[in-house]
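Below you'll find the structure, written out as structure tokens, and then a few comments.
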Amino acid sequence: MGNDTEPLFMQIARLIQDQIVDGHLEAGARAPSTNELAAFHEINPATARKGLTLLVDGGVLEKRRGIGMFVTPDARERILAQRQAEFAGAYIAPLIDEALRLGHDLPTLHNLIDRVAESRGMYK
């Protein structure tokens with residue numbers, strides 16, 4: 001998994017969200033079970049369950065009694081809407097704060113963003 005400062009159950013939820021956004025888990029697809037996640041990531045099943053429950057509570061997954069959890073029809077749109085709403089506060093504000101600490105002016109910051117975006121294939 002990724003972010004060491006984020007609780008494991010949230011990392012599990014984000015991992016599944018990423019799979020949905022990236023198209024690896026489509027609407028109607030069965031999500032990994034608590035036991036599958038726990039075994040694969042070598043974590044406590046209660047931790048995996050907590051991550052899945054977060055997604056159920058958010059309307060991203062739905063429980064089907066006796067057969068598992070499945071991606072809801074509007075899961076991708078829900079995730080994207082939530083991430084878009086949080087984007088500026090989670091990424092742009094900290095970026096600006098650090099640029100100010102480093103003494104970068106706005107043209108320098110724009111140049112850095114353009115260079116990184118180009119290296120990631122954003123400007124083809």
| said: Apply side-chain contact (heavy atoms from CB on, under 4.5 Å) to residues Leu109 and Leu95 and explain how you reach the verdict. | reply: CA-CA 9 Å; Leu109 184 57; Leu95 172 73; 4.2 Å; yes
| field | Evaluation steps, side-chain hydrogen bond (donor to acceptor under 3.5 Å, both in side chains), between Asp105 and Thr108 | value | CA-CA 5 Å; Asp105 60 10; Thr108 301; 2.5 Å; yes
| task | Test side-chain contact (heavy atoms from CB on, under 4.5 Å) on Arg14 and Arg83 and set out the steps. | result | CA-CA 11 Å; Arg14 180 156 305 266; Arg83 289 185 178 186; 3.2 Å; yes
| task | Evaluate the criterion side-chain contact (heavy atoms from CB on, under 4.5 Å) for residue pair Val60 and Val56; output intermediate values, then yes/no. | result | CA-CA 6 Å; Val60 172; Val56 170; over 6 Å; no
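Nearest heavy atoms, Ala38 versus Ala48: N-CB, 4.2 Å. Of all heavy-atom pairs spanning Gly51 and Ala13, the tightest one is O-CB, 3.7 Å. Contact between Ala88 and Pro94 at its shortest, heavy atoms only, is O-CD, 4.4 Å. Across every non-hydrogen atom of Gly59 and Thr72, the tightest pair is O-OG1, 2.7 Å.
The CD atom of Gln82 sits 10.0 Å away from atom CG of Leu80, with the distance rounded to the nearest 0.5 Å. One finds the CG atom of Leu25 at 8.5 Å from the CG atom of Leu61 (value rounded to the nearest 0.5 Å). Considering CD1 of Ile43 and CZ of Arg49, their distance stands at 10.5 Å, rounded to 0.5 Å. To the nearest 0.5 Å, atom NZ of residue Lys50 and atom CD1 of residue Ile12 are 13.0 Å apart. In this structure, CZ on Phe9 lies 12.0 Å from CG on Leu52, to the nearest 0.5 angstrom. Atoms CG and CD1, from Asp97 and Ile92 in turn, are 11.5 Å apart once rounded to the nearest 0.5 Å.
The shortest distance between side-chain heavy atoms of Met69 and Leu55 does not fall below 4.5 Å.
A salt bridge links Glu98 with Arg101: the distance from a Lys NZ or Arg NE/NH1/NH2 to an Asp or Glu carboxylate oxygen falls below 4.0 Å. Ion pair Glu62/Arg64 flagged as a salt bridge, since at least one NZ, NE, NH1 or NH2 atom sits closer than 4.0 Å to an Asp/Glu carboxylate oxygen.
Linking Ile, Leu, Val, Met, Phe, Trp and Tyr whenever their side-chain heavy atoms come within less than 4.5 Å puts Ile96 and Phe87 in one cluster. The hydrophobic clustering, which links ILVMFWY residues whose side-chain heavy atoms are closer than 4.5 Å, places Leu8 and Leu37 together.
Of the possible polar contacts, one joining the Asn44 side chain to the Ala46 backbone as a donor-acceptor pair under 3.5 Å is found. At distances below 3.5 Å, at least one donor-acceptor pair connects side-chain atoms of Glu36 with backbone N or O atoms of Ser33.
Surrounding CD of Glu26 are at most 12 heavy atoms belonging to other residues, nucleotides or ligands under 6.0 Å away.
Between Ile79 and the options Val21, Ile16, Asp18, a side-chain contact (heavy atoms from CB on, under 4.5 Å) holds for only Val21.
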